[in-house]
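Not measured: the values here are computed from a predicted model. Proteins come first, then strands; the chains are lettered A, B, ... in the order of their sequence lines, and each starts at number 1.
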Amino acid sequence: MLMSEYYPTKIEKKWLEEWEKNKAFKTYDDSNKPKYYALSMFPYPSGKLHMGHVRNYTITDVIARFKKSNGFNVLHPMGWDSFGLPAENAAIQHGANPAEWTDKNISYMKKQLKMLGLSVDWDREVATCKEDYYKWTQWLFLQLYKKGLAYKKGAAVNWCEKCATVLANEQVIDGKCWRCDSDVTKKNLEQWFLKITDYAEVLLEDLDKLEGWGDNVKTMQANWIGKSTGTILKFKVKEFEDKGGLEIPVFTTRPDTAFGITYLVVAPEYPDIEKLTTPENKETVEQYRENARKMSEIERLSTERIKTGTPLGTHIINPFTGRICPIWVADYAIVDYGTGAVMAVPAHDERDFDFAKKYNLPIIQVIDGEGYTPDKAYTEPGTLVNSGEFNGINNEEAKAKITQYAEKQGFGHSKTQYRLRDWLISRQRYWGAPIPVVYCEKCGCQPVNEEDLPVKLPTDVDFSIQGMSPVKTSKTFESTVCPVCGSPARRETDTMDTFMCSSWYYMRYADAKNDKEAFNKDLVNKWLPVDQYVGGIEHAILHLLYSRFFTKALRDIGLLDFDEPFKNLLTQGMVLKDGSKMSKSKGNTVDPDEIFANYGADTARLFIISDSPPARDFDWSDAGVEGCYKFLCRVYRLYSKYQDLITLDYKIPEKLDSKSDRLLREVHISIKKITNDIENEFQFNTVVSRYRELTNAIYDYVKDEKDIEANVLSFALISLIKLLSPVAVYMSEEIYSELAQKSSKKVSIHELDWPKYEESLAKLNNVTLIVQVNGKIRDKIETTNNQSNDDLTKLALDSDKIKQAIEGKTVVKTIVVPNKLVNIVVK
RNA sequence: GCUCCAGUGGUGGAAUCGGUAGACACGUUGGACUUAAAAUCCAAUGAGGGUCAAACCUCGUACCAGUUCAAGUCUGGUCUGGAGCACCA
């Protein structure tokens, strides 16, 4: 017997235990059903779930359950992105052991996730900080190293003082650290990089294949990769003509303006800059470079900054014109983009124009077009002037011609340039996977032998020493022997960026327990690519770009056969409260535990998907939760009240009265709409609306108790509870199991197939015909379905209101939309 | 500056192919039940006009044009907001 009222906590506790006992959500690799891989971005075990997690995992879980009911063998795993700084900070601040701290958080959050009712196969759980996982992260690093995709170099890298470590370009947001928000400075260090730039072109090109990704994410990645096609032009330095020669190459997207070059700019960090500086200018140039270095550390962000620079004293010869042009150093040139040197054409580039005006450098027009004025840089298309044999040519055409000319003469060629830089993966921190290499005095840098993996994190470390990696404080870790010659060697103490760990976790789920390989090739090919990935937009570049790179690199190494990891991507919006992001400092957080305790997980799940489409931000409101809770109570009461009438073995009679016929159709309409809305972009908000509409229709039906047809009511209620089952996972199970008590069908509702609708019944018998005159609605007529166009026109013209509206006018034509509308055009 | 996304009642948001704008909720107001409250149920709820009350009329999807019998939806332009990139040559 169902209780008369809905008591969620009681029901939820009962079924949680039952499911756990039965391993209800176990996924098997061998199944003849088609596979479906539903994945949420795995959480960092910070201590407690927040509402963003609840939203993310509920969305994925509803999808997973829906697909399972629709005949798929569904993989829906979960794990922990468990390396990272917070664990280490806990160690520094209150002496916690990072491993224990992390384990404690994982076990608490795991309990919460189970409470949320996720259909996760916990046997495939992974945690990136465990040896059985990071062993394979290290192994993958070695494969990348052997393929030449991991290398070490000295470079000016991003340094976060507060985190005391370097950062990848992608982790610097507006000049600040992505994690702690403090200023990032530059530091010259020897660091490990992954050659993501080798994949720049294919990472860009393959974005087109990703039809299941939003344009916003794709353009963000495209912008980040930043492809531009142009030309390299090499300029001879006049002062070195007698001294063996020196060339400065520049990259330009505007070779068509080459005749207008009046000076050349190099970045303050340009390698040859000292050679290029004459003794008279040495002091001013040194000073300028010193200032630029400081400037870039303090305020590199100001775009409105007035451009500054100083001449080096040397000159280049423009090979097109023979003109001698001075070389300047200016910080508007960036050392690691293009060649670090820029040809300046003030007449046709705004930056060059401002600079030339300020320092009185010549300006030569070489493009003419409508709106040209000498008062500002003309950057529009036009025709070449002052450009010798190229005069009169359209500038777009001239780009190719001038590049060809330069190539023939041997001082240039076309070039594709990317903004993407190699991925810096070394971190001077403790809580990460150690980079598995050693440094031998004789043999140099050598990879650790694969059979010696994992290189375990030392435990004899001191977190209290500031300014150095805790790994270095270990007495045992650093000293080792060379894997090649056996002589004493020093172990690398840097650990890997945690984004390395998260770049392949979704592959490990396919074969999580494998202790021989990172994953079995067949299994990873079977389950991947991920059919639906769900997570926050904040990873649009970072994690999603790195994972795409990893997949392509591992494919090239031969570890797998697909080239994109995530077929469909849903970036869910943030959970807000009172219009702003939930945060502890604002004090507007909502604790999932409290919601579970007060309303139950089903209410939390229903509410979090109800009001906004998944991609949009979602404003949490207490009244909204209350509303969802009341709705579930309302649904529950329906079953509790009519449980004696409901039968699982219902049979819809041939003949129905209009009331029952109407309900029957409402159910079919609901099945159709809900199914379509989930399949089409996961519009859960309208799914929830339809739940309510169907519930209202059933309440309407039972209002007058004497005309109830028990079979139709059973059909309606059993359909409703199955439609609700991906969302209200506990309540639907409870209700169904009680209903099943009296029938032979004792099976979990979550094992039932998704309801089917009949197209012929998924529409109402009657339609409201809209009658327009000249596009304005003049009448609405209730009539039957499927009438001919002529009949509908006749019906429309018979209406008194229409007669009145067209009186004295001639009908020019009539337009009929079957079952919907008649538009009469009159003059 | 460039790129992408969005703009609909008091609020969240609906609206397959261009075909009833505002579904479903939240909120508000009124009513029923109750000694009272909660819960529940019923009704009204875009703006303006009109009427004793209705019927009914006009306007209305950021703004301005256009295409069309018909535009929230398509096209061009403008404005506003959000996101990302940004001295990228």
Stacked cation flag A:R419 on A:Y337, 6.0 angstrom / 45 deg =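 So A:R419 doesn't make the cation-pi contact.
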key: Whichever of A:S621 and A:R254 has its nearest RNA chain B nucleotide further upstream toward 5'   =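 Here A:S621 is the residue nearer the 5' end.
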Pairwise 5' ranking along RNA chain B for A:N774 and A:P613, keeping only the more 5' one =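 Taking each residue's closest nucleotide, the earlier one in sequence belongs to A:P613.
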Taking atom [atom1] in both [N] and [M], what distance in whole Å separates the two?
{"N": "B:U28", "M": "B:U20", "atom1": "C1'", "answer": "27 Å"}
{"N": "B:G49", "M": "B:A43", "atom1": "C1'", "answer": "24 Å"}
{"N": "B:C17", "M": "B:C26", "atom1": "P", "answer": "29 Å"}
{"N": "B:A55", "M": "B:G50", "atom1": "P", "answer": "15 Å"}
{"N": "B:U11", "M": "B:C63", "atom1": "P", "answer": "15 Å"}
{"N": "B:A21", "M": "B:A62", "atom1": "P", "answer": "16 Å"}
{"N": "B:G19", "M": "B:G12", "atom1": "C1'", "answer": "27 Å"}

task = Please assess A:N823 against A:R778 for the test side-chain hydrogen bond (donor to acceptor under 3.5 Å, both in side chains), listing each intermediate value before the final yes or no.
result = CA-CA 10 Å; A:N823 188 11; A:R778 286 295 176 255; over 6 Å; no
query = Any chance CZ of A:R421 has more than 12 other-residue heavy atoms, nucleotides or ligands included, within less than 6.0 Å?
reply =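 Yes, CZ of A:R421 has more than 12 neighbouring heavy atoms, counting only those of other groups under 6.0 Å.
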message = With a 6.0 Å cut-off (strictly less than), is the heavy-atom count around CD of A:E201, excluding the residue itself, greater than 12?
response =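 Count over threshold, so yes.
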Residue-phosphate contact under 4.0 Å: [X] side-chain N/O, [N] OP1/OP2:
{"X": "A:S612", "N": "B:G13", "value": "yes"}
{"X": "A:R616", "N": "B:A14", "value": "yes"}
{"X": "A:N223", "N": "B:A83", "value": "no"}
{"X": "A:Q772", "N": "B:U68", "value": "no"}
{"X": "A:S228", "N": "B:A89", "value": "yes"}
{"X": "A:K820", "N": "B:G19", "value": "no"}
{"X": "A:Y337", "N": "B:A89", "value": "yes"}
{"X": "A:K801", "N": "B:C56", "value": "yes"}
{"X": "A:R351", "N": "B:A89", "value": "no"}

ask   = Base of B:G9 relative to its sugar, syn (within 90° of 0) or anti?
value =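 This nucleotide is in syn.
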message = Syn or anti for B:C85, given that syn means the glycosidic angle lies within 90° of 0?
response =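 B:C85: anti glycosidic orientation.
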request  = If the plane angle is over 60° it's perpendicular, under 30° parallel, otherwise tilted; pick one for A:Y359 and A:F355.
outcome  =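 Geometry flag for A:F355 against A:Y359: tilted rings.
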query = Sub-3.5 Å donor-acceptor pair from the side chain of A:D256 to the main-chain atoms of A:A398, do we have one?
reply =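 No; zero donor-acceptor contacts below 3.5 Å.
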Using a cut-off of 4.0 Å on non-hydrogen atoms, how would the nucleic acid contact of [X] be classed: base, sugar-phosphate, or nothing?
{"X": "A:E626", "answer": "nothing"}
{"X": "A:N696", "answer": "sugar-phosphate"}
{"X": "A:N685", "answer": "sugar-phosphate"}
{"X": "A:A333", "answer": "base"}
{"X": "A:R421", "answer": "base"}
{"X": "A:K218", "answer": "nothing"}
{"X": "A:I777", "answer": "sugar-phosphate"}
{"X": "A:V825", "answer": "sugar-phosphate"}
{"X": "A:Q804", "answer": "nothing"}
{"X": "A:R690", "answer": "nothing"}

Partner nucleotide of [N] by Watson-Crick or wobble geometry (both distances under 3.5 Å):
{"N": "B:G66", "result": "B:C74"}
{"N": "B:A38", "result": "none"}
{"N": "B:C52", "result": "none"}
{"N": "B:G84", "result": "B:C2"}
{"N": "B:A47", "result": "B:U58"}
{"N": "B:A21", "result": "none"}
{"N": "B:C26", "result": "B:G10"}

inquiry  = If you take the centroid of each ring, where Trp contributes its six-membered ring, are A:F607 and A:Y599 closer together than 6.0 Å?
reply    =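 No, ring centres 6.0 Å or more apart.
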task = Would you confirm whether the ring centroid of A:F499 sits within less than 6.0 angstrom of the ring centroid of A:W423?
result =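 No, the ring centres sit 6.0 Å or more apart.
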Nearest to the side chain of [X] - [options]?
{"X": "A:R419", "options": "B:G13, B:C88, B:G19", "value": "B:C88"}
{"X": "A:T686", "options": "B:A25, B:A14, B:G19", "value": "B:A14"}
{"X": "A:R778", "options": "B:U58, B:A70, B:A39", "value": "B:U58"}
{"X": "A:M220", "options": "B:C88, B:G84, B:A89", "value": "B:G84"}

key: Between P of B:C69 and CG of A:L821, the distance in whole Å   =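 In whole Å, B:C69 P lies 15 Å from A:L821 CG.
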message = Rounding to an integer number of Å, can you tell me how far A:W328 CH2 sits from B:C87 P?
response =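 To the nearest whole Å, that distance equals 22 Å.
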Let's test your reading of the model: under 3.5 Å, does the base of [N] pair with the side chain of [X] as donor and acceptor?
{"X": "A:E350", "N": "B:G1", "result": "no"}
{"X": "A:N216", "N": "B:C5", "result": "no"}
{"X": "A:K307", "N": "B:C87", "result": "yes"}

ask   = Between A:E350 and A:K376, does at least one N-O distance fall below 4.0 Å, as a salt bridge requires?
value =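 So A:E350 does not pair with A:K376 through a salt bridge.
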